[in-house]
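So the structure is just underneath, and the comments pick up after that.
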2 protein chains.
Amino acid sequence: MNNSYNYLLEHNVKPSMQRMSIMKYLLTHKNHPTADDIYNELSKRMPTLSKTTVYNTLKILSDSKACLALTLDEKNIHYDGDTSLHGHFLCKDCNKIIDIPLNEISLLRNESSEFTVDSVEISFYGYCSNCEKKRI
Amino acid sequence: MNNSYNYLLEHNVKPSMQRMSIMKYLLTHKNHPTADDIYNELSKRMPTLSKTTVYNTLKILSDSKACLALTLDEKNIHYDGDTSLHGHFLCKDCNKIIDIPLNEISLLRNESSEFTVDSVEISFYGYCSNCEKKRI
DNA sequence: GTGCTTGCAAATCGTTTGCAATAGC
DNA sequence: GCTATTGCAAACGATTTGCAAGCAC
């Protein structure tokens, strides 16, 4: 899938070399990378890439819903090129993040799956009625 | 409710003046404070309280499930003395965090409520099968 | 007095900011 | 040329760490 160019356009993000590379990385790597992960990988092939650009781009992409910014790990923001509705499991020991299809959630809450779930956090983002008014 | 002493014992946390004050604050303030919020409030009456102690204590309390550590706001960790299963709404403009009873979730996803929901994050915490083995 | 708790100061580190250089229309 | 993008270096700020002092049993 080399269509990061079109993918960006569809999300109203003006394409550039840097933005396409970062978007392509997110679309082809489902390992929930951090800004640093992406920078380290891409700068191997793009030595002039700057970390600031990675941060800027990831902000633009997540604001445009071209990717998700996951906050479940309090240390780092992780990014996910899969914007469909699904859950995430964070292992407190190895810090790996694993995708959880939503229809498995009931299983997980019964602790009958391959994970031991300690706690759940369900977060909604948007605008409250007050701020929504101000935006119009 | 002055039973922060018993509440700590029930959660296997050895009580101390500082820990009781912080626990009491969480049990009586449902505004999802940060470590800094709690420090600023409590240090008015406990001038010798240190921010390190607030951080240490909040870590102990959340590890012991005496409170929740919310990561939905990427800037700060917010704490919640209400450990029952419920969701949270974060307004991207005013940054207020609002409790969401779980039975309202379906309403929110239809955007028929008082909030405009842009995105949802469902996070599970625990131990993956690999790490669970190592712990035993 | 032994071990846990507290608190100060300093360090850490992911992220942001200021601003000059560059690229694209 | 004008505007947006990029990139370097410096700043920021929430959280953590090292360690000495205090407290409790």
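Residue numbers begin at 1 in each chain, while the letters A, B, ... track the order of the sequences.
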For atom [atom1] of [X] and atom [atom2] of [N], their distance in whole Å:
X       : N      : atom1 : atom2 : result
A:Met46 : D:dG7  : CE    : C1'   : 12 Å
A:Asp37 : C:dC13 : CG    : P     : 15 Å
A:Ile22 : D:dT5  : CD1   : C1'   : 12 Å
B:Ile38 : C:dT6  : CD1   : P     : 14 Å
B:Leu49 : D:dG22 : CG    : P     : 17 Å
B:Leu61 : C:dT5  : CG    : P     : 12 Å
A:Asn56 : C:dT22 : CG    : C1'   : 15 Å
A:Met20 : C:dA23 : CE    : P     : 16 Å

Is [X] near enough to [N] that one of its side-chain N or O atoms lies under 4.0 angstrom from OP1 or OP2?
X       : N     : value
A:Ser50 : D:dT6 : no
B:Ser16 : C:dT6 : yes
B:Gln18 : C:dG7 : yes

Considering only heavy atoms from C-beta outward, does the side chain of [X] approach that of [Y] to under 4.5 Å?
X        : Y       : value
B:Glu121 : A:Leu72 : yes
A:Lys51  : A:Asp36 : yes
B:Leu26  : B:Tyr7  : no

| query | Do A:Asp99 and A:Lys30 sit within salt-bridge range, that is, some charged N less than 4.0 Å from a carboxylate O? | reply | no
| said: Taking A:Leu70 as the starting point, is it possible to reach A:Leu102 by hopping between hydrophobic residues whose side chains are less than 4.5 Å apart? | reply: no
Restricting both atoms to N or O, compile the protein contacts to nucleotides 1-4 of chain D shorter than 3.5 Å, with distance only.
none

Atom pairs under 3.5 Å: protein N/O with N/O of nucleotides 9-16 of chain D:
{"from": "D:dA9", "atom 1": "N6", "to": "A:Thr52", "atom 2": "OG1", "distance (Å)": "3.4"}
{"from": "D:dT15", "atom 1": "OP1", "to": "B:Ile77", "atom 2": "N", "distance (Å)": "2.9"}
{"from": "D:dT15", "atom 1": "OP2", "to": "B:Tyr55", "atom 2": "OH", "distance (Å)": "2.8"}
{"from": "D:dT16", "atom 1": "OP1", "to": "A:Lys75", "atom 2": "NZ", "distance (Å)": "3.4"}

| said: Between B:Asn12 and B:Ser64, is the side chain to side chain contact (heavy atoms under 4.5 Å, CB included) condition met? List the steps. | reply: CA-CA 7 Å; B:Asn12 303 308; B:Ser64 312; 6.0 Å; no
| request: Could you list all the ring-ring contact (aromatic ring centres under 6.0 Å, His included) pairs where at least one residue sits in residues 13-63 of chain A, not counting sequence neighbours? | output: A:Tyr25-A:His29, A:His32-A:His88
| query | Do B:Thr34 and B:Asp37 have side-chain atoms, one donor and one acceptor, less than 3.5 Å apart? | reply | yes
| request: Consider the side chain of B:Thr48, meaning its heavy atoms from C-beta on, and name the nucleotide among C:dT6, D:dG7, C:dG7 that approaches it most closely. | output: C:dG7
| task | Return yes if some donor-acceptor pair links the side-chain N/O of B:Lys65 with the main-chain N/O of A:Ser119 below 3.5 Å, else return no. | result | no
